[in-house]
Amino acid sequence: MRLMSLVLVLVVAAPAFAQKDELFGSGKPVVYREETMDRRFAKSKVAKMLKEGSPEQGCVQLMGALFIALAEIGPNLHKRDENFLLDPNLQAAIQNQVTTPNFPAMAYLLSMVRRVLIDKRLPDEWFETAKAINTVVKIIDLGKLKWMNEGITFVDSSAFTIPLLKNRYFTEVVGANSAVTTDVAGSFRDAYLDRDVAWGGATLIDAGSNAPKKKKGKKYNPVEFGELLAVLEWLPPDPRKTQIDFYGDDSKKPPPPVRILAKLAPKQYTDLEKVFRGQRMLVRGRFWEMNRDVTQVEVRDAMLFEDRDWYGAMLADPNVIATCPAAINELTGIGPQQPGGFKH
């Protein structure tokens with residue numbers, strides 16, 4: 001079978017994606033077909049448990065951890081290739097807390113991702129199981145799973161981040177020398193705008209409707225509700241924190257934030273009334289416009305998802321996981337563990 005790869009979320013854009021073709025690939029989604037490992041997974045005890053659930057504590061912890069990771073992977077699924085993103089802290093939690101000598105948790109997570117990609121949606125039974133066990137687990141992002149259950153769509157490239165956008169703009173446009181006779185700004189817009197993106201790490205400033213205030217005594221009319229807008233800011237890393245200032249120069253200013261104006265889609269999978277100002281969010285939508293110094297961007301038909309900080313996450317106890325009857329290796333057998341296709 002063709003092996004998918006796990007790519008860790010990087011804070012800084014990788015310079016390897018310097019060219020548009022490398023960044024976005026062909027622009028057509030990969031076609032996923034069921035293969036031998038997928039059929040093994042479908043017959044496994046884990047697959048049965050995901051459909052039917054289990055009251056056992058170890059199994060609840062196992063399912064909860066896998067659903068947590070799957071939900072975080074979903075919004076970043078992309079057209080570019082078969083790789084997918086998982087926060088490095090969350091990956092470490094899966095490897096250290098859910099993996100046992102008899103249970104390769106990452107291999108099962110990979111199989112779950114492939115099932116979603118093959119079906120182009122999260123199975124209904126999985127979603128019902130996730131809802132049921134979240135009364136115990138508490139931290140599964142059911143909004144992301146609900147979105148996946150209704151049918152997944154892909155961003156153009158999970159590597160197309162705000163840091164990479166800024167880097168490419170200042171390299172290709174601002175850094176263009178005088179010998180360049182083409183319209184570099186126009187070429188840049190043609191290459192990078194009008195793309196489906198998933199940008200995390202943004203802080204919510206505010207969200208609401210741009211409709212005029214309802215007059216007293218007037219009945220609510222959904223047609224007059226207006227457009228839902230959200231304003232967020234993404235803060236670039238401050239280089240002063242990694243530089244020693246021998247002269248006490250306070251004149252240097254931190255890099256300016258990037259303001260994201262998100263015109264929200266009518267249907268949201270996060271309860272916006274429960275989101276607070278200053279909360280870290282992921283914006284998923286169509287990158288539509290930007291200003292000249294990349295300090296303001298516009299995303300249309302946007303959805304907001306919570307972008308959690310998984311540093312120090314406690315998902316499960318491996319000793320408890322080992323008590324689950326499904327926590328056995330039915331994918332690669334009892335022989336030496338085979339390569340899982342995960343790259344770092």
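Computed from a predicted model, the values in this text were never measured in an experiment. Computed from heavy atoms alone, side chains included, the values below leave out hydrogens, waters and symmetry copies.
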- Flag the pair Ile152 / Leu117 as yes when at least one side-chain heavy-atom distance between them is below 4.5 Å, and no otherwise. yes

- Test item: side-chain donor near acceptor, Glu82 and Tyr32, under 3.5 Å: no

- Query: Which heavy atom of Val98 sits nearest a heavy atom of Ala316, and at what distance?
  - Reply: CG2-CB, 4.3 Å

- Message: Given 3.5 Å as the limit, does a donor-acceptor pair link the side chain of Ser44 with the main chain of Glu330, or not?
- Response: no

- Item | Contact list for residues 131-205, test disulfide bond (SG atoms under 2.5 Å apart), sequence neighbours left out | none

- Item | Closest non-hydrogen atom pair, Pro325 against Cys59 | CD-SG, 3.6 Å

- Which pair of heavy atoms, one from Ala230 and one from Leu304, lies closest together, and at what distance? CB-CD1, 3.8 Å

- Item | Test item: Gln97 side-chain N/O and Ile94 main-chain N/O as donor-acceptor pair under 3.5 Å | no

- Point-to-point distance, once rounded to the nearest 0.5 Å, from CZ of Phe287 to CD1 of Ile162: 8.5 Å

- Say you draw a straight line from CZ of Phe305 to CG of Asp307; how long is it, rounded to the nearest 0.5 Å? 11.5 Å

- Item | Polar side-chain atom of His78 near backbone of Ser158 as donor-acceptor pair, under 3.5 Å | yes

- Determine whether Trp234 and Lys166 make a side-chain contact, defined as any pair of heavy atoms from C-beta on separated by less than 4.5 Å. yes

- Query: Looking only at atom types and distance, does a side-chain atom of Asp38 sit under 3.5 Å from a main-chain N or O of Glu35, one as donor and one as acceptor?
  - Reply: yes

- Message: Run the side-chain contact (heavy atoms from CB on, under 4.5 Å) test on Arg280 and Arg308 for me, step by step, so that the C-alpha distance in whole Å, both residues' side-chain angles and the decisive distance to 0.1 Å come before the verdict.
- Response: CA-CA 7 Å; Arg280 198 172 83 163; Arg308 300 177 185 175; 5.6 Å; no

- Item | Heavy-atom donor-acceptor pair, Glu150 side chain to Leu145 backbone, under 3.5 Å | no

- Message: Just verifying a value: how many Å separate Ile260 CD1 and Met290 CE, rounded to the nearest 0.5 Å?
- Response: 13.0 Å

- Query: Is there a donor-acceptor contact under 3.5 Å linking the side chains of Asn329 and Thr332?
  - Reply: yes

- Could you check Asp301 against Leu264 for side-chain contact (heavy atoms from CB on, under 4.5 Å), going step by step and ending with a plain yes or no? CA-CA 5 Å; Asp301 200 27; Leu264 302 181; over 6 Å; no

- Any pair counted as disulfide bond (SG atoms under 2.5 Å apart), so long as it reaches residues 109-161, sequence neighbours left out: none

- Query: Between the side chain of Lys144 and the main-chain N/O of Glu306, is any donor-acceptor distance below 3.5 Å?
  - Reply: yes

- 4.5 Å side-chain heavy-atom contact, Glu72 and Asp141: yes

- Query: Do the side chain of Asn96 and the main chain of Ala92 share a donor and acceptor less than 3.5 angstrom apart?
  - Reply: yes

- Phe170, CZ: over 12 other non-hydrogen atoms inside 6.0 angstrom: yes

- Message: Less than 4.5 Å apart, side chain to side chain, heavy atoms only: is that true for Lys263 and Glu227?
- Response: yes

- Give the cluster check for Ile133 versus Ile139: same hydrophobic cluster or not, with ILVMFWY residues linked at side-chain heavy-atom distances below 4.5 Å. yes

- Message: Let me confirm one number: the CG-CG distance from Asn76 to Leu282, rounded to the nearest 0.5 Å.
- Response: 6.0 Å

- Message: Hydrophobic clustering (ILVMFWY, side-chain heavy atoms < 4.5 Å, transitive) - are Val258 and Val173 grouped together?
- Response: yes

- Using atom types as modelled and distance alone, determine if a side-chain donor or acceptor of Tyr169 lies under 3.5 Å from a backbone N or O of Leu164. no

- Item | Glu172 side chain near Ser187 side chain, heavy-atom distance below 4.5 Å | no

- Query: With distance as the sole criterion, is a donor-acceptor pair present between the side chains of Arg284 and Thr153 under 3.5 Å?
  - Reply: yes

- Message: Test of understanding: clusters of I, L, V, M, F, W, Y form through side-chain heavy atoms closer than 4.5 Å, transitively. Do Leu204 and Leu235 belong to the same one?
- Response: no

- Query: Do Leu85 and Val155 share a hydrophobic cluster (ILVMFWY, side-chain heavy atoms under 4.5 Å, transitive)?
  - Reply: no

- Side-chain heavy-atom pair Leu90, Leu315 within 4.5 angstrom cut-off: yes

- Item | Rounded distance [0.5 Å steps], CG in Leu66 versus CD1 in Ile140 | 9.5 Å

- For residues Tyr108 and Phe103, determine if any side-chain heavy atom of one lies less than 4.5 Å from a side-chain heavy atom of the other. yes

- Can you label the angle between the Trp126 ring and the Phe67 ring as parallel, tilted or perpendicular, going by 30° and 60°? perpendicular

- Item | Closest approach of Asp183 to Gly186 (non-hydrogen atoms, all atoms of both residues) | OD1-N, 3.1 Å

- Please identify each residue that fulfils side chain to side chain contact (heavy atoms under 4.5 Å, CB included) with Asp293, with sequence neighbours left out. Asn291, Thr295

- Message: Is the positively charged end of Arg195 above the ring of Phe24, judged by distance under 6.0 angstrom from the centroid and angle within 45° of the axis?
- Response: yes

- Item | Candidate pair Thr129 and Met63, rule side-chain contact (heavy atoms from CB on, under 4.5 Å), full reasoning | CA-CA 9 Å; Thr129 299; Met63 290 186 291; 3.9 Å; yes

- With a 4.5 Å heavy-atom cut-off, do Leu331 and Ser111 have their side chains touching? yes

- Query: How far does CG of Asp87 sit from CH2 of Trp310, to the nearest 0.5 angstrom?
  - Reply: 8.5 Å

- Message: Set out, in order, the CA-CA distance, both residues' side-chain angles and the distance that settles side-chain contact (heavy atoms from CB on, under 4.5 Å) for Arg286 and Asp194, then state yes or no.
- Response: CA-CA 6 Å; Arg286 195 76 174 175; Asp194 199 15; 2.7 Å; yes

- When every non-hydrogen atom of Ala302 is compared with those of Val283, the smallest separation belongs to CB-CG1, 4.1 Å

- Note on the structure: Between Gly25 and Arg80 the two heavy atoms that sit nearest each other are N-CG, 4.2 Å

- Would Trp199 end up clustered with Val231 when hydrophobic side chains under 4.5 Å apart are linked, directly or stepwise? no

- Return yes if some donor-acceptor pair links the side-chain N/O of Arg115 with the main-chain N/O of Ala42 below 3.5 Å, else return no. no

- Trp288 backbone acceptor or donor facing Arg300 side chain under 3.5 Å: no

